[in-house]
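Remarks on the structure that follows.
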Amino acid sequence: MVKQALEEIGRGTAEIIDIEAIEKLVTKYYDDGITYTVKAGFDPTAPDLHLGHTVLLQKLATFQKFGGRVQFLIGDFTAMIGDPTGKSATRKVLTKEDIIKNITSYTEQAFKILDESKTTIVYNNDWLEKLGADGMLQLASNLTVARMLERDDFSKRYASNTPIAVSEFMYPLLQGYDSVHLKSDIEIGGTDQKFNLLMGRQLQKAYGLKKQQAVLMMPILEGLDGVQKMSKSLGNYIGVTEEPKNIYGKVLSISDELMWRYYELLSEKSLAEIAQLKEDVASRTVHPKTAKENLALEITTRFYNEELATLAKEEFNSVFKAKKIPTEIPEFEMENGIWICQALLDAGLEPSTSQARRDIKQNAVSIDQKKISDDKLNLESGEYILQVGKKRFAKVKVN
RNA sequence: GGUGGGUUACUCAAGUGGCCAACGAGGGCGGAUUGUAAAUCCGCUGACUACGUCUUCGAAGGUUCGAAUCCUUCACCCACCA
């Protein structure tokens, strides 16, 4: 049992520090029924969770299966500083109101994956606010500047003359202090969090805790472009609250190479199954597109259900394979004689009439499935389906 | 506090008086091809019913027939010195 648990826990991880400690915790759970805590921190800056977050959440869910209690830490205090990780500029400071607003939808989405009964939501503002100036100083004395500059992100920024705010130095310390306060047994995070995660161990020792947290790091999920990490600001993400057809479509649009990465990090399939599938694709027994379709179905099903996922697939096929018009498209009413470019702008298909003109010239615009080339066209009364490119549709009623 | 350097479009980055709506690269968008994959090729990438007009090169003024380019002030950033 323990062995199987460890295998599942280890799946897809980038690195585990102190695996022995994890083994002990799991063993203790099976022998004596004693649970342990797994901490993961979340930044309440982006109210929308995407698949990149779910890699972590799925790992937490795995721990919940094997006796872990999740400490779902909302970094409402640390968010006011802004973690330097991954960004090459100091982050904007959020207001308290923003943070509170974000948290509600945040946790709601997280429980699509996590077991709520085995999750404790904690806010680090609760204890960090009370730390006070002397507490801060005591905390800061645990770390030298040289050590801080070892952190990859800092050293790069320092070398390239990108500014580093002194407050940013506090971030890893505060995150580490969270682990002291919560007496976490395990902390998980992305590989980009390594420095911060290790800080937790160091501080737990410095503050005299008997045990130090084990650390488990998950790889960073690449976004749709396959290069940069999935993030909302880069626009290369699949959000968990997106409509089924969008989730399905976006998964299908990833590259074949990236598909395997997604299989490994997001699918419930066993690693053996995935290896087999990969082999079948390589030997052309299975078409890569079929493999991708199944992945898309699985992921869509996770956030909705099988029925809706299947519908999404059918819709997708009818629109893109059979080149039919989507079943649901936005509708607009317009005045008689409206200029086509204006209509495209009003329907939100184009950002400007200039862009509309360019697209018409480039054969990207069609009315009722027929390409048009006249950018001076005016629409007579009637109903039209306007389309730009492959993906943008609108129904327009001209009165 | 002192000295020097910097701020150009989504990003990086050229341009140091007219040839500048502003080179180039990346990204994005579109077309061909396809499996809405990758790769490849081609085109577009400030706005405006548009062979012309308008607004843009950190901000505000100024010099000039003419400014992203020169001058003044301000804001922000960086380095070195203290």
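For clarity, every value in this text was computed on a predicted model and none was experimentally measured. Quick note on labels: first sequence line is chain A, next is B, and so on, each numbered from 1.
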Practice task
Rounded to the nearest angstrom, tell me the gap between atom CG in A:Leu344 and atom P in B:C48.
Solution key: 12 Å

Completion exercise
Applying the 3.5 Å cut-off to both distances, the Watson-Crick or G-U partner of B:G17 turns out to be none

Fill in the blank from the handout: Of the listed B:G35, B:U36, B:U45, the closest approach to the A:Arg358 side chain comes from B:U45

Exercise for the section: Please determine if a side-chain N or O atom of A:Thr290 lies less than 4.0 Å away from the OP1 or OP2 oxygen of B:G35. Expected result: no

Practice task
Please state the C1' separation for the pair B:A67 and B:U72 - nearest whole angstrom.
Solution key: 15 Å

Practice task
Name the closest nucleotide to the A:Arg392 side chain, picking from B:G30, B:A37, B:U49.
Solution key: B:G30

Handout entry: P atoms of B:A37 and B:C77, separation to the nearest Å
Key = 45 Å

Problem - Within residues 365-383 of chain A, residues whose heavy atoms come under 4.0 Å of RNA chain B - result: A:Lys371, A:Asn378

Practice task
Check whether any side-chain N or O of A:Lys289 sits under 4.0 Å from OP1 or OP2 of B:U36, and answer yes or no.
Solution key: yes

Completion exercise
Side-chain atoms of A:Arg357 come closest, of B:U36, B:U49, B:A38, to B:U49

Fill in the blank from the handout: A:Asp225 atom CG is separated from B:C29 atom P, nearest whole Å, by 11 Å

Practice task
Provide the distance between the two C1' atoms, one in B:G24 and one in B:C78, to the nearest whole Å.
Solution key: 25 Å

Exercise for the section: For B:A14 versus B:U8, give the span between their P atoms, rounded off to a whole number of Å. Expected result: 11 Å

Handout entry: Ionic contact status for A:Glu7 with A:Arg11, cut-off 4.0 Å
Key = no

Completion exercise
Partner of B:C23 under the Watson-Crick or G-U wobble criteria, both distances under 3.5 Å, comes out as none

Practice task
Report yes or no: do A:Glu298 and A:Ser267 form a side-chain donor-acceptor pair below 3.5 Å?
Solution key: yes

Practice task
Could you let me know what B:C44 is paired to, Watson-Crick or G-U wobble, both distances under 3.5 Å, or none if it's on its own?
Solution key: B:G28

Exercise for the section: For B:G66 and B:C19, measure between their P atoms and round to the nearest Å. Expected result: 14 Å

Practice task
Can you figure out which of B:U36, B:C48, B:C29 approaches the side chain of A:Gln355 most closely?
Solution key: B:C29

Handout entry: C1' spacing across the pair B:A21 / B:C44, given as an integer number of angstrom
Key = 15 Å

Completion exercise
In whole angstroms, the gap separating C1' of B:G35 from CD of A:Glu257 amounts to 17 Å

Completion exercise
In whole angstroms, the gap separating C1' of B:U34 from CZ of A:Phe320 amounts to 14 Å

Problem - Distance test, side-chain N/O of A:Thr353 to OP1/OP2 of B:U49, below 4.0 Å - result: yes

Practice task
Return the value, rounded to whole Å, for the distance between atom OH of A:Tyr262 and atom P of B:A37.
Solution key: 15 Å

Completion exercise
Assign each of A:Trp339 and A:Lys321 the nucleotide of RNA chain B bearing its closest heavy atom; nearer the 5' end lies the nucleotide of A:Lys321

Handout entry: Rounded distance in Å - CE (A:Met334) to P (B:U49)
Key = 15 Å

Practice task
Please give the nucleotide sitting opposite B:A75 as a Watson-Crick or G-U wobble pair, both distances under 3.5 Å, or none.
Solution key: B:U7

Completion exercise
If pairing means Watson-Crick or G-U wobble with both distances under 3.5 Å, then the partner of B:A37 is none

Handout entry: Check ion pair A:Glu15-A:Lys194 (N to O, under 4.0 angstrom)
Key = yes

Fill in the blank from the handout: Closest to the 5' end of RNA chain B, once A:Ser253 and A:Ala364 are matched to their nearest nucleotides, is A:Ala364

Problem - Salt-bridge criterion met for A:Glu328 and A:Lys245 (N-O under 4.0 Å) - result: no

Completion exercise
Among the nucleotides B:G30, B:A50, B:U36, whichever has the atom closest to the side chain of A:Lys391 is B:U36

Completion exercise
Taken to the nearest whole Å, CG/A:Asp346 to P/B:U49 is 11 Å

Problem - Of the listed nucleotides B:U34, B:G35, B:A50, the one nearest the side chain of A:Lys390 - result: B:U34

Problem - From B:A37, B:U49, B:A50, nucleotide with atom closest to A:Lys292 side chain - result: B:A37

Handout entry: Check: A:Lys59 side chain, A:Ile9 main-chain N or O, donor-acceptor pair, under 3.5 Å
Key = yes

Practice task
Select one nucleotide: of B:C48, B:G31, B:G35, the one nearest the side-chain heavy atoms of A:Asn363.
Solution key: B:G31

Please set out all donor-acceptor pairs under 3.5 angstrom arising from side-chain atoms of residues 360-368 of chain A, sequence neighbours excluded.
residue  : atom : partner  : partner atom : Å
A:Asp368 : OD1  : A:Ile385 : N            : 2.8

Problem - Pair assignment for B:C80, Watson-Crick or G-U wobble, requiring both distances under 3.5 Å - result: B:G2

Problem - Within 45° cone of A:Tyr304 ring axis and under 6.0 Å: A:Lys112 NZ or CZ - result: yes

Protein N or O to nucleotides 41-43 of chain B N or O, pairs below 3.5 Å:
residue : atom : partner  : partner atom : Å
B:G43   : O2'  : A:Gln362 : OE1          : 3.3
B:G43   : N2   : A:Gln362 : OE1          : 3.3
B:G43   : N2   : A:Gln362 : NE2          : 3.2
B:G43   : N3   : A:Gln362 : OE1          : 2.8

Fill in the blank from the handout: Taken to the nearest whole Å, CD/A:Gln342 to P/B:C48 is 8 Å

